[in-house]
Undergrad: 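Okay, here's the structure, questions in a sec.
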Amino acid sequence: MSDYFHYQDSQLYVEQMPLADIAARFGTPCYVYSRAALTDGYRQFSNALQGREHLICYAVKANSNLAILNVFARLGAGFDIVSGGELQRVLAAGGDARKVVFSGVGKSVAEMRLALDAGILCFNVESAAELERLNEVAGNMGKVAPVSLRVNPDVDAKTHPYISTGLKQSKFGVAYDEAIALYCRARDLPHLHITGVDCHIGSQLTETGPFVAATEKILALVNRLADEGIRLEHIDLGGGLGIRYHDETPPAIADYVAALLGALCGRSEKLILEPGRVLAGNAGVLLTRVEYLKHGEEKNFAIVDAAMNDLMRPALYEAFHEIFPVEQEPSPQSSPPSGGGGKRKRQSLIYEIVGPVCETGDFIGHARNLAIAPQSLLAVLSAGAYGMSMSSNYNTRPRVAEVMVDGGAAHLVRERETVSQLYAGEKMIL
Ligand SMILES: *Cc1c(COP(=O)(O)O)cnc(C)c1O
């Protein structure tokens, strides 16, 4: 467990706040974030990058709550966005447009206009066709668009295929061998200004090797561009550093940054990184309550009030999240003798932790050994990234509340949705 989620007197706390108090005050299910954990992760990056010109662009899609964006904006972060909507969130949260990089394979004309109006740092362009479109849109607005090409270094990230993005067969980025020709084309287009190069090879990487391999390929490209007279202002090495969900052993942020700096061997371009999961993932939990215990013929089920629409990762990638009781059973030595009138010891059993959604794939965790009863509170760990941001309203389930803890205070940072909000835009025909 991270330093910011810990047991004290058998109670699970976030910072100085018992999670049970948060459940009582805001209801369940809800996401709970630790401001200190978010801040700590960001500082680990900025400390490791000290002495070098850099920009840490938090990947907004990991968790786009305004309170989280605002915490990072106040620390001086930039942002990596993948839609016009994310740009509007960044601006609403007090982020600086001049520190925004815009990634994504399908930028629309409207999104390009929005970003050009806001004055972002650069577009991470992912195809030849996008380059032509961006030149035209910028020209129509009487502007010059700052561009970086997202190059596919063809490196195997050795992660889940759904979150691996840097192989030749991937839809992301431009092919390595076509990059030089595309840079030359970009140089010739009147409404584009080349600022950098970018790569992002995947997510939840737990080794430095693939990052170093990608960096070396990007550097070889930077050198060849220099031979063509194309000089870059920045090198963006993307995000993708993994976290510990279960038994993974990802490198520490400082070691990851040291490996990148080593591979950059003294180059002086500004370094941009786009971390998402590693900043938000272990800074949040999903708090849920047991509704029913059901003892089937072969398995025991704990049916909880959170479901796959609230946290999709288990259903989508069979991802593992630790699940801990908010209130631990007293240990055997300290429990009162049976019949002594004390709290009765609950039996610990192996449970399937499942939600109420009508899909067999609706599970939060398989085969967990827990001592629980109806109404018990559970914390689903490592849920700060790709949790709320991937949630949906499937089964007409309102999206859950979000709470940010800051020391001894808990703040509601997103209200629980109501059902009438869900169908507010719908109409019946006559
Ligand atoms: C998703 C994404 C990131 C962040 O990835 P993490 O694994 O969350 O660090 C960074 N850059 C781009 C282009 C992305 O699509």
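Atoms within a ligand are numbered from 1 in the order they appear, just like the ligands themselves.
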Undergrad: Should the proximity of A62 to ligand 1, defined as any heavy atom under 4.0 Å, be assigned to the side chain, the backbone, both, or neither?
TA: neither
Undergrad: Give the ring-plane orientation class for F72 versus Y42, where under 30° counts as parallel, over 60° as perpendicular and anything between as tilted.
TA: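 Rings of F72 and Y42: tilted, 30 to 60°.
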Undergrad: Counting both backbone and side chain atoms, is some N or O of Y386 under 3.5 Å from an N or O of ligand 1?
TA: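 Yes.
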Undergrad: I'd like to check whether G239 has a polar contact with ligand 1, where a contact means an N/O of the residue lying under 3.5 Å from an N/O of the ligand.
TA: no
Undergrad: Just by distance, do the side chain of N65 and the backbone of A67 share a donor-acceptor pair under 3.5 Å?
TA: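 Indeed, once roles are kept as given, a pair shorter than 3.5 Å links the two residues.
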Undergrad: Before we go on, tell me: are the rings of H321 and Y245 under 6.0 Å apart, centre to centre?
TA: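 So the answer is yes for these two rings.
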Undergrad: Using the ring centroid of each side chain, check whether Y351 and F301 are separated by less than 6.0 Å.
TA: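 Judged by ring-centre distance (under 6.0 Å), Y351 and F301 do not meet the cut-off.
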Undergrad: Can you report which non-hydrogen protein atom sits closest to atom 7 (O) of ligand 1, along with the distance?
TA: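 Looking only at protein heavy atoms, the one closest to atom 7 (O) of ligand 1 is S203 OG, 2.3 Å.
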Undergrad: Do any nitrogen or oxygen atoms of G276 come within less than 3.5 Å of a nitrogen or oxygen of ligand 1?
TA: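 G276 vs ligand 1: N/O contact under 3.5 Å present.
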Undergrad: Which option, R277, K61, R150, owns the non-hydrogen atom nearest atom 15 (O) of ligand 1?
TA: K61
Undergrad: Numbering the atoms of ligand 1 from 1, which are under 4.0 Å from a heavy atom of S103?
TA: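 Under 4.0 Å from S103, ligand 1 has these atoms: 13 (C).
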Undergrad: Go through the steps for E233 and K270 under the test side chain to side chain contact (heavy atoms under 4.5 Å, CB included), then give the verdict.
TA: CA-CA 6 Å; E233 292 155 31; K270 174 175 178 165; over 6 Å; no
Undergrad: Taking all heavy atoms of A73 and all of A93, pick out the closest pair and write down the distance.
TA: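 Looking at all heavy atoms of both residues, the shortest contact is CB-O, 4.4 Å.
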Undergrad: Can you tell which part of E274 has a heavy atom less than 4.0 Å from ligand 1: side chain, backbone, both or neither?
TA: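 It is both backbone and side chain that touch ligand 1.
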Undergrad: Does the residue A385 have a heavy-atom contact with ligand 1, meaning some pair of atoms that are separated by less than 4.0 Å?
TA: no
Undergrad: Got a second to check how far L121's CG is from C57's SG, nearest 0.5 Å?
TA: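 Reported to 0.5 Å precision, the distance equals 7.0 Å.
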Undergrad: Tell me whether D80 has any N or O atom under 3.5 angstrom from an N or O of ligand 1.
TA: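 Looking only at distances, the answer is yes, because the N/O contact criterion of under 3.5 Å is met.
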